[in-house]
Amino acid sequence: MNFYEQVYAIVRRIPRGRVTNYGAIARMLENPRAARAVGYALRALDDSDVPWQRVIHSTGEVRAGAGQQTRERQAALLREEGVDVINYRVSMKTYGWDGLTPPEVEAALVEAARG
DNA sequence: ACAGTGACAACAT
DNA sequence: TATGTTGCCACTG
């Protein structure tokens, strides 16, 4: 199981209507400095069931837009699930996700590896 | 093996 | 608040 797959396993656990950031995912994977790699992993997604739109900047800003995806698209997807996006910014205080506990992370990875 | 790259983040102006 | 700089790391050719 490579790093990308681990990232996807975590992202799939982000609840609908909530958001988190690249660095937080890197920390959950015990690789706190790999925030850029997390972004790279999401960029590599094609079409899948990974809710990539729920991953934004630590500042609460929506900046994604590689390839076919645009930040307009990301903002639209977030609004569809109830996240209030204003001027490409989201209130982390209101919509921020607490993240998974270490045991939950482990369970997510195990399930993904099995799946 | 090695250098280039990018959907980041923290810090300094 | 807004740029600019620097450190990072996994992946790719």
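Here is how names work: the chains are called A, B, and so on, in the same order as the sequence lines, proteins then strands, and each is numbered from 1.
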(message) Looking at dA9(B), I'd like to know if its phosphate oxygens (OP1 or OP2) sit under 4.0 Å from a side-chain N or O belonging to S58(A).
(response) yes
(message) Between T59(A) and dA9(B), is there a contact of a side-chain N or O with OP1 or OP2 at under 4.0 Å?
(response) no
(request) Report yes if the side chains of I10(A) and R13(A) come closer than 4.5 Å at any heavy-atom pair, otherwise no. (result) no
(request) Among L42(A), V7(A), I56(A), find the residue that satisfies the side chain to side chain contact (heavy atoms under 4.5 Å, CB included) test when tested with Y22(A). (result) L42(A)
(message) How long is the straight-line distance from CG of D98(A) back to CD1 of I14(A), given to the nearest 0.5 Å?
(response) 12.5 Å
(message) Are L77(A) and L45(A) linked, directly or through intermediate hydrophobic residues, by side-chain heavy-atom contacts shorter than 4.5 Å (ILVMFWY only)?
(response) yes
(request) Could you grab the distance from atom CE of M28(A) to atom OG1 of T101(A), nearest 0.5 Å is fine? (result) 10.0 Å
(request) Name the nucleic acid region contacted by Y22(A), choosing base, sugar-phosphate or nothing; use a 4.0 angstrom heavy-atom cut-off, strictly under. (result) base
(request) Please state how far atom CZ in R63(A) lies from atom P in dC8(B), giving the value in whole angstrom units. (result) 7 Å
(request) Anything under 4.0 Å to a heavy atom of chain A counts; send over the first and last such nucleotide of DNA chain C, read 5' to 3'. (result) dG7(C) to dC11(C)
(message) Looking at E72(A), I want to see if its CD is surrounded by more than 12 non-hydrogen atoms of other residues, nucleotides or ligands under 6.0 Å.
(response) yes
(message) Salt bridge check, R16(A) against E80(A): does any charged N sit closer than 4.0 Å to a carboxylate O?
(response) no
(message) With the threshold set at under 4.0 Å for non-hydrogen atoms, list the residues of residues 26-36 of chain A touching DNA chain B in residue-number order.
(response) A35(A), R36(A)
(request) Apply salt bridge (charged side-chain N to carboxylate O under 4.0 Å, His left out) to E81(A) and R18(A), showing your working. (result) CA-CA 9 Å; E81(A) 50 187 63; R18(A) 308 295 295 284; over 6 Å; no
